[in-house]
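Note sheet for the following structure.
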Amino acid sequence: MTDTPLDFGDPEDLERLRHDFRAWLVDHPLPERPADEPLPVFLHRWHRQLHSGGWVGLDVPEQYGGRGLTALHQVTVSDELGARGVPGVPRIGYLAHALLRFGSEEQRRRLLPRMLSGDDVWCQGFSEPGAGSDLAGMSTYAERHPEGHYIVNGQKLWTSYAQYSGLCLLLARTDRAAPAHTSISAFVLPLDRPGVTVRPLRAANGDDEFCELFLDDVRLEESERIGAEGDGWPLAMTTVAYERNALDTGHLSKYGLLIERLRRAAHERRGTLPDGLLSDIGRCAVDYQVLVAHARRRTAERLAGQSAGPESSVDKLLMTRAEQRLYETALKVFPEELYGEGGEVLGDYFYARAASVYGGTSQIQRNIIAKRLLGLPADRHA
Ligand SMILES: Cc1cc2nc3c(=O)[nH]c(=O)nc-3n(C[C@H](O)[C@H](O)[C@H](O)COP(=O)(O)OP(=O)(O)OC[C@H]3O[C@@H](n4cnc5c(N)ncnc54)[C@H](O)[C@@H]3O)c2cc1C
């Protein structure tokens with residue numbers, strides 16, 4: 001751990017880590033993906049491979065299956081992966097942080113090592129048909145029985161890759177009378193529990209990322225609740241805040257690669273690219289630098305022991321803007337990628353459209369910034 005928020009620790013140590021990781025990657029490259037292998041299955045194999053080398057959960061304490069290093073070590077690994085254009089460390093960091101902060105000692109010891117190794121695959125059951133942005137309005141209800149267990153009824157929606165998961169971080173109301181933000185609790189839900197139905201939804205692009213989750217009289221034990229009753233709201237806020245750091249997700253170095261490609265194209269096709277497009281490339285480069293500065297700041301704060309908070313909404317907005325502009329510009333500069341085999345830029349372009357929705361929509365991020373960071377009065381219509 002470092003003394004000041006701007007001290008990024010011993011660079012030699014990080015250089016060594018980077019060097020070791022690069023060497024490991026030479027011997028353990030990204031495996032081939034058979035044409036018929038679903039993406040989550042492929043990514044799970046990659047997750048296990050990375051874990052076998054000790055490259056998952058670097059910032060998780062050793063007693064919970066991690067390496068007990070810092071956030072910067074984990075970010076360095078994500079950065080290296082992104083810079084090679086290969087999938088990042090599986091996006092479990094935000095779930096791990098929620099468990100570290102709210103789980104009991106027994107839960108951390110039992111659940112975290114299996115989460116990090118990929119023995120347990122998790123999904124996130126927050127959104128509902130009537131409660132996406134307005135999570136506080138969720139209606140899934142976990143009724144506590146005198147014997148101590150809960151019976152859960154309700155429906156979740158947009159649960160990514162639930163059909164490939166064994167466990168779900170579930171939010172449910174445990175008190176119908178209390179104010180919304182103190183009446184939601186979090187649970188570990190095994191998806192093979194009687195009463196759970198997982199129904200994949202096929203999206204317009206053919207992907208089956210999303211699922212509906214139906215919960216009919218599902219029994220959960222008290223030991224399956226994470227944190228105290230009512231901790232579900234702060235746990236959810238911790239989870240989504242950690243979903244928003246572009247460095248964590250390895251997105252930054254991936255953007256960096258594409259910006260470099262755009263920069264080269266601007267040089268090579270000087271005089272033929274329209275001025276407007278050159279300005280767009282310039283804006284992308286500026287977006288990227290702003291994002292780098294923010295991501296570094298968040299990482300520094302985390303190194304100093306601060307938890308992610310409402311500031312992460314600024315990061316999410318910046319990331320969304322940077323990502324959407326970048327892929328829009330890339331498609332204009334490389335229109336052949338619209339039609340080419342593989343069409344990686346096109347795939348990323350489409351997924352970038354979802355960035356203003358997942359993890360909280362852009363409007364909701366602006367509301368959080370207005371209310372919690374700027375202290376502005378509530379919307380008169382709210
Ligand atoms: C790729 C992807 C993956 C996802 N994965 C998961 C997952 O694994 N688990 C999970 O639980 N959820 C997941 N989601 C769901 C996501 O969290 C919700 O879609 C998101 O929170 C928005 O909720 P909603 O879709 O119900 O839209 P709504 O809340 O109905 O919003 C509709 C529109 O109204 C606007 N709006 C709503 N309220 C306000 C307000 N108060 N002020 C201003 N504007 C407002 C919104 O910004 C939006 O434009 C995923 C979504 C996507 C796109």
Side-chain angles (χ1 to χ4, degrees), residues 39-40 43 90-95 98 115 121-140 152 154-173 180-181 184-189 191 196 198-215 226 232-233 235-244 249 251 310 312-313 316-317 319-321 323-324 327 347-372 374 376-382:
L39 183 64
L43 292 178
R91 298 188 58 190
I92 51 174
Y94 54 93
L95 293 175
M115 177 190 280
V121 178
W122 287 67
C123 61
Q124 185 178 314
F126 290 7
S127 308
E128 299 186 0
S133 300
D134 178 25
L135 252 195
M138 73 175 55
S139 57
T140 294
V152 189
Q155 183 191 347
K156 295 289 167 181
L157 186 60
W158 313 127
T159 318
S160 293
Y161 300 122
Q163 71 276 47
Y164 299 102
S165 307
L167 296 175
C168 176
L169 178 61
L170 177 80
L171 292 184
R173 198 171 285 284
H181 294 186
I184 292 172
S185 302
F187 297 89
V188 188
L189 166 69
L191 289 170
V196 177
V198 177
R199 187 186 296 163
L201 296 168
R202 190 159 296 271
N205 63 357
D207 285 354
D208 60 355
E209 166 169 352
F210 299 123
C211 290
E212 290 175 294
L213 218 62
F214 297 94
L215 308 168
I226 303 175
W233 186 260
L235 180 144
M237 293 307 107
T238 302
T239 309
V240 291
Y242 278 102
E243 259 183 294
R244 294 174 188 152
T249 54
H251 282 41
S312 64
S313 291
K316 170 81 192 314
L317 271 185
M319 190 165 96
T320 300
R321 186 184 68 180
E323 183 169 316
Q324 293 184 343
Y327 289 110
D348 286 337
Y349 166 84
F350 279 131
Y351 210 81
R353 311 318 299 168
S356 41
V357 179
Y358 62 70
T361 68
S362 292
Q363 289 85 351
I364 294 304
Q365 307 307 332
R366 289 192 184 95
N367 285 353
I368 294 172
I369 292 166
K371 202 169 152 190
R372 296 186 55 199
L374 301 176
L376 298 182
D379 185 314
R380 63 198 160 93
H381 301 299

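In listed order, ligands and their atoms are each counted from 1. Each residue takes its place number in the sequence, starting with 1.
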In short, A186 meets L171 closest at the heavy-atom pair CB-CD2, 3.9 Å

Does the protein put a heavy atom less than 4.0 Å from atom 30 (O) of ligand 1? no

Which residue and heavy atom of the protein sit nearest atom 42 (N) of ligand 1, plus the separation: N367 ND2, 3.0 Å

Using heavy-atom distances, let me know which of G132, S160, S133 sits nearest atom 28 (P) of ligand 1. S133

Heavy-atom distances under 4.0 Å are what count here, so tell me which part of I364 touches ligand 1: side chain, backbone, both or neither. side chain

Of all the non-hydrogen atoms in the protein, which one sits nearest to atom 49 (O) of ligand 1, and at what distance? Q363 OE1, 3.7 Å

What is the nearest protein non-hydrogen atom to atom 47 (O) of ligand 1, stated with its residue, atom name and distance? T361 OG1, 2.6 Å

If you scan protein heavy atoms around atom 51 (C) of ligand 1, the nearest is Y358 CB, 3.7 Å

What pair of heavy atoms forms the shortest contact from C168 to L191, and how long is it? CB-CD2, 3.9 Å

Tell me, which protein residue and heavy-atom name are nearest atom 12 (N) of ligand 1, and how many Å apart are they? S127 OG, 2.8 Å

What's the shortest heavy-atom distance between Q365 and G359, and which atoms? NE2-O, 3.3 Å

Note: F187 and A172 closest approach over all heavy atoms is CE1-CB, 4.2 Å

Determine if the distance from atom 15 (C) of ligand 1 to the closest protein heavy atom is below 4.0 Å. yes

Please determine whether any non-hydrogen atom of E209 lies less than 4.0 Å from an atom of ligand 1. yes

Between the side chains of Q124 and T239, does any donor sit under 3.5 Å from an acceptor? no

Quick one: does F210 get within less than 4.0 Å of ligand 1, heavy atoms only? yes

For F126, the ligand 1 atoms with a heavy-atom partner under 4.0 Å come out as 11 (O)

Considering non-hydrogen atoms only, spot the tightest contact between P310 and I368 and give its length. CB-CG2, 3.9 Å

Nearest protein heavy atom to atom 34 (O) of ligand 1: under 4.0 Å? no

Taking atom 13 (C) of ligand 1 as the reference point, the nearest protein heavy atom with its distance: W158 O, 3.1 Å

Verify whether one side chain among Q363 and S133 offers a donor that lies under 3.5 Å from an acceptor in the other. no

Looking only at N/O atoms, are Q124 and ligand 1 under 3.5 Å apart anywhere? yes

